[in-house]
Structure formats: C-alpha cells, structure tokens
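Quick note on labels: first sequence line is chain A, next is B, and so on, each numbered from 1.
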2 protein chains.
Amino acid sequence: MKDVAAEAGVSAMTVSRVVNGGAAVAPRTAARVVAAVRKLGYQRDDVARQLRRTHELSQIIGLLVDDVADPFMAAVASAAEDVARQRGSVMLIGSSRADLSREREVVAAFTARRVDGLILVPAAGSHRFLRPAQAQGTKIVCVDRAAPGLNVDAVVVDNFGAVREAVRRLAARGHRRIGYVGDTPRIRTFGERRRGYLAALAAAGLPADPALIGDGLRSGPQAAAAVTGMLALPDPPTALLAGNEILAFGALAVLPAGHAFVAFDDFALADRLTPPVTVIAQDPVALATRAAHLLFARIHGDVAPPRTVVMPTRLIERGSGELPGPFA
Amino acid sequence: MKDVAAEAGVSAMTVSRVVNGGAAVAPRTAARVVAAVRKLGYQRDDVARQLRRTHELSQIIGLLVDDVADPFMAAVASAAEDVARQRGSVMLIGSSRADLSREREVVAAFTARRVDGLILVPAAGSHRFLRPAQAQGTKIVCVDRAAPGLNVDAVVVDNFGAVREAVRRLAARGHRRIGYVGDTPRIRTFGERRRGYLAALAAAGLPADPALIGDGLRSGPQAAAAVTGMLALPDPPTALLAGNEILAFGALAVLPAGHAFVAFDDFALADRLTPPVTVIAQDPVALATRAAHLLFARIHGDVAPPRTVVMPTRLIERGSGELPGPFA
DNA sequence: CTGAAAGCGCTAACAC
DNA sequence: GTGTTAGCGCTTTCAG
C-alpha cells in the first residue's frame, strides 16, 4: 500500500479511500491510484484491515458438518456457501466426523479467525464449550439438529413424527416384524428417528425386538452387516427402515428385491431401483438456506430469542414401502 | 490478552509465550497465566497474530470447486479438508458454478485473506488472473483438470484414454450408433472425454453423428432431454456414454432398461440398477489427497518444476456396458 | 526467565 | 480532497 501511494504520489490514506470506494476522491487522483494499483498488482490486505476494524465484521462464516462427502451435508454446504457469497462473506468448512473433540478443535480454529458466525451440525455431547465464543459475539445457528446445552437458533425437521408415520403405514400394511437401522441415538437426529420408530410400534401394539434394531451404525458396510444379521433370524423382519442415506445404501446392497423398505432422505436413482424406493424426503437446500439467512440476521443485529424452525418432510411413496406384509 | 496479563500479574509477552508454548516460562508463572486464560475465556487472536507475522503462514488454504453438492466434488472437498486439518490448517471453500468470473471473485476474496495456497478445479477460460497471487507467494494446485494459462501442479486422470477404451469396447460389442452426453467441451475434462469418444469412433470406422452428441449439458434434466431427443431419432443410438455422474442420473431417468450404457464416475447404487451400470471409476479421495499433499509440499518450500500427476481410472464392467449391439 | 519498545498493514478520527 | 496521527492485538527484538 505504501508502494502504491508512492507510485501514485499520494498518501496511504488516499489509496485506502480509492481502494474501498465510497469516500470522495478527486477523479484525477483516483485514476492515478487505480493505475498504480494495477501496475503493482496490489490487493487490499483483509487481515490488516480486519485488525484495525476490530468491531466490524470479518465477513467469514464457518460451517461444521459431520462429513462433507455425505450427500445431505454436501447439499447443506453448497446452499450455505451460496448465501454467504450473496452476503459478501467467505466460508470456512470443517468435518467433525461426528467426533465432539474434533468439532471443538475445528471450531476453535474458526473462532480464532474471528468468524462472524457458525453454522453447526452438532456432534453428540454438550456444547457448553461454545459459550465463550458466543459471549465474545460469535453467532451460532444449528442445522439438522439442536446442540445440547446451547440455546441458539436451530433449523430442523420433525424426525420423530416423520418416522412414526412411515412405520405406522408399514404396520397398517400388515407388517409385524419391522427392522430399523440407525446411527447412534446419542446424536439427536437419530435418537428422534429411533423414538419415532418405537412409538409407531407401540401404537400398533407390536413388540420392540432388540434383534430388529441396529444402532450406532456409521457406514454402509456396517448397515449391510446388521441387515444380513436380521435376515438370518428365525423370524426375520418383513420390512425395514433405514435412518439415513448412507445406511440405506448399505441396506439396499443386501436386501432382497421383494422386501418392504423405507429410507430417511431422498437420494438419486431411488426411483430407478426395483422396486422404486419409498423415502422420507427432507430438503437440505431449504434447511441450509434458512439457517444461513437466520445466521446473517443474527450477525446483523437480530436479538430476538432463539427459535427452532421445523421444516417439513415429505413421504414419497414409490413402491418399496407399500409392499404388503404377511398379515395384509 | 492485556486483561489476561493483568489478571496473572505478568506482561503481555509472557502471556504470549505461555499461550504459544515452546518458550521457557517458569512453571509457577505459566500456571497463573493458564488460570487467567481459563477464567477470562481468552483465545489467541489469529488475525492480529498473522498481521505481525506477515511472512509466516496463515494456515488457511482455499478450495474452489464447481459445486460442492456434486458428489465427486464433495468427496474432493472432504479429502482435502482432512489433509488440511492434519497439517494444522483450516480450509475456505467456494463454488464457481463453472463460471470464471465467479471463480475470480471468490479467489480474490480468498487471497485477500492471505491463504497459503489454493486447490483449484478450474472453470473454463484463461487463468492468467492468478499470476499476481502466485507472484505474491500463494501456491496453487489444480485437481481434475489443468488451468489454461497457468503453469502449476495438477492432479488429473487420463480422461481421453479412459473414454476411448470404453467406447472401443462398445463398438467391439456390435454397437454402431453410440451416443454421448457431456458438459461443455470448453472445460478441459469434458473436452478430453469428448475427444476420447470421437477417437474411438474414428478408430472403429464409425461416423461421428452430431445428432448423437449432447454438448454443454449442465444438469440431469438437460441430459434427460438430450437423451430423449436421441431416442426419438429414426436411427437412435443403441449405446450411450454419459460424461459425468450428474448427466448419468439424468440419462438413466429416461433410458430403457435394455439400452447399453456406460457412465464416467462411479456412483452409489450403480450395482443395484437393472442392469447394473458399467462405469469408468476414478478415485476422488485419492486425487484430492494427492493434490493437497502436493500443495502443502509447495507451501513448505518445494520449488521443483510444476508436474502433472495422472491418476488411474478403472473400467468397472457391471452389465449395462456389455449389452451386445445389433451387429454383435 | 521476564519485560519494554516497536511495528505488522490498514483505517478512524481529526486536521488542514 | 487530502494528509497526519494513532492504534487494532499480537510478536520480534533486544535489554535486563
């Protein structure tokens, strides 16, 4: 910047004014500065700028997900980045791999860079550790699930209700042995889905058989193994619900074609399988967009009490979930 | 930091030494500082730190992809962030939507934050604009395709050879009308795939019929429409190659089950379709991991001439690509 | 082992 | 319209 000022024969302050626009600078002076900037390939140093403007925004937000490679999270990331860009911010991204200590590390690295806000898909466990960051002004919004011990905005879906309804329909179609494969119930989202499953069984007067419940599954192969185990039982399930997309892929790898099946999350090609797969669809783009807008509202001074926004899900009946059970 | 120093009854310098470790500080003093840090919830301000250490690294890298929601790019992002974390860096992410001017904007926002390096999936068009950033010390590595006008490391696959071989096999199986749906050939990756297709046709003595080539397709529905058009021709194709995953999904939505089909990029459930889908698989995680390691090597002083790493692809024959043509 | 002074690149606040 | 001064929060350098 000093070099540019020298080159243009002005002070650093004038360069600053030209580079940032807005302030009144004589057109001829401005032109000289612009020429010098171009000649020297100067670019404003936002790090230094931010230091001086400590109470202004950094125009950086952070996004923390389980794993960006997960299609649901990828859609969330894409939509969040889109909003950030529209709002003139850049976005840091991190994957917690559902590990709270890793999440902590990444969040610390983010806040040290003075992010204006954080969009969080929280791992299991207490999020008290975020209090200092909050106190220091960092805004936080949760997506997909609320964070235990943290009173902030959250954008979620009614996991409990959606699964309960799906399982109710399976039972109504004559299934009495309904299996469930899910990730750890310690993660709120999956805990709710599991509760929805159990509630529907209870409402239908069906017993909850532990042998038909796969918990804590974290990958396709794990889900496949769990399903294979269930199918080998003396009285195997006649219908199955997969708690998320990854587990659905695993289950589909081993499930016979005629087996009733419902998956949480819609996915590509679901309608091209035989039979086409019935899913509980949520809209990750809508979720993330909503969350990002909430975050920016907070960043720009919205101080209303934290709210939880519940977005709709949609049961898309394509065939696999409508196969009749033995008691139809 | 001043507050912490006051609380602990030491100077700011001592706080700095304790917070950053390494330097020799009396254990008792250090303990007092640690207590003060905890009490006040102090966290080092990396923005200020970085300003003073202008010639040190920012420990921020930037990743620029077409769109994170694309499964291939999502896998790249996940793998790159993994390496970044291992190397103690955080990662900014941006989507260009294959638009050069948008890419430019995002890259500028990244370099203004003094990123140490950039992993780039370059959009079509000249990347000369990156020269100043390079001169200023920002390291750059391209993934999936090289950037026109920029002499930097790149990690790619042999798109040309992989498609040529796949189409050669289709021709060898008796197909004479082979269709192709691809994104714009102005993007290097897709240009090479298209050339591979044309080269295989030529080698098999087959004419290249423009009516069987869908170019510049950017979404599933666009691919579906293109394929529908081809199928309505008086002499429709008997085999089809889709240039990427997104287009494959679109094509599969309208393609009759008995139609020969090969897709570039492996995808979930490819083996569960009827017939199972033959694909040209690349390994996005390996690509990105390699690229990230290359980037960090550059950041840490590797000054060897830029090299292009070609990673292998694998033709996975699952059935859809082995269906015989009318002249088998 | 600890502290004081200076300055990273920029801009707020105030002169002129 | 433009320049000057000071200081953002930290660390480098040098002194004790």
Worksheet item: Which whole-number value in Å describes the distance from K2(B) NZ to dC8(D) P?
Response: 5 Å

Worksheet item: Choosing from dT4(D), dC10(C), dC1(C), which nucleotide comes nearest the side chain of M1(A)?
Response: dC10(C)

Response to the item:
Quick note, A48(B) side chain, CB onward, closest among dG9(D), dC10(C), dG3(D) is dG9(D)

Practice prompt. Using a 4.0 Å heavy-atom cut-off across all strands, classify R28(B) as base, sugar-phosphate, or nothing.
Written response: nothing

Item to complete: Compare all side-chain heavy atoms of V19(B) with those of M1(B) and state whether any distance is below 4.5 angstrom.
Response: no

Worksheet item: Taking atom CZ of R114(B) as the centre, does the number of heavy atoms from other residues, nucleotides or ligands within less than 6.0 Å exceed 12?
Response: yes

Item to complete: Using atom CD of E56(B) as one end and atom P of dC8(C) as the other, report the distance to the nearest whole Å.
Response: 15 Å

Worksheet item: With nearest nucleotides of DNA chain C determined for T14(B) and S16(A) from heavy-atom distances, which residue corresponds to the more 5′ nucleotide?
Response: T14(B)

Worksheet item: Nearest-Å distance, CG (D46(A)) to P (dC10(C))?
Response: 10 Å

Worksheet item: Do the side-chain N or O atoms of S11(B) get closer than 4.0 angstrom to the phosphate oxygens (OP1, OP2) of dA4(C)?
Response: no

Item to complete: Check the distance between dT11(D)'s P and M13(B)'s CE and give it to me in whole angstrom.
Response: 7 Å

Practice prompt. Report yes or no: is there a donor-acceptor pair, N or O only, under 3.5 Å between the side chain of R17(A) and the base of dG3(D)?
Written response: yes

Discussion item. Which nucleotide wins on minimum distance to the side chain of R49(B), given the candidates dC8(C), dT13(D), dC10(D)?
Written reply: dC10(D)

Fill in: Integer-rounded Å distance: dG9(C) C1' and Q50(B) CD
12 Å

Practice prompt. Using a 4.0 Å heavy-atom cut-off across all strands, classify N20(A) as base, sugar-phosphate, or nothing.
Written response: sugar-phosphate

Worksheet item: What nucleic acid atoms does V47(B) come within less than 4.0 Å of, heavy atoms only: base, sugar-phosphate, or nothing?
Response: nothing

Worksheet item: Taking atom C1' of dT11(C) as reference, at what distance in whole Å does atom CG of L51(B) sit?
Response: 12 Å

Fill in: Pairing of R218(B) and D67(B) as salt bridge, 4.0 angstrom limit
no

Worksheet item: Below 4.0 angstrom from OP1 or OP2 of dG7(D), is there any side-chain N or O of R52(A)?
Response: no

Worksheet item: Of all the nucleotides listed (dG9(C), dG1(D), dA12(C)), which has the minimum atom distance to the side chain of A24(A)?
Response: dG1(D)

Worksheet item: Within this structure, what is the CZ-to-C1' distance between R32(B) and dG3(C), rounded to whole angstrom?
Response: 14 Å

Worksheet item: Do NZ/NE/NH1/NH2 and the carboxylate oxygens of E192(A) and R145(A) come within less than 4.0 Å?
Response: no

Worksheet item: How many Å lie between CG on D3(A) and P on dG9(C), as a whole number?
Response: 10 Å

Worksheet item: If you find the nucleotide of DNA chain C closest to R53(A) and the one closest to A12(B), which residue's nucleotide is nearer the 5' end?
Response: A12(B)

Worksheet item: Under 4.0 Å between a side-chain N or O of T29(B) and OP1 or OP2 of dT2(C)?
Response: yes

Fill in: Nearest heavy-atom neighbours spanning V90(A) and A109(B)
CG1-CB, 3.5 Å

Worksheet item: Can D70(A) and V65(A) be said to form a side-chain contact (heavy atoms from CB on, under 4.5 Å), step by step?
Response: CA-CA 9 Å; D70(A) 176 329; V65(A) 296; over 6 Å; no

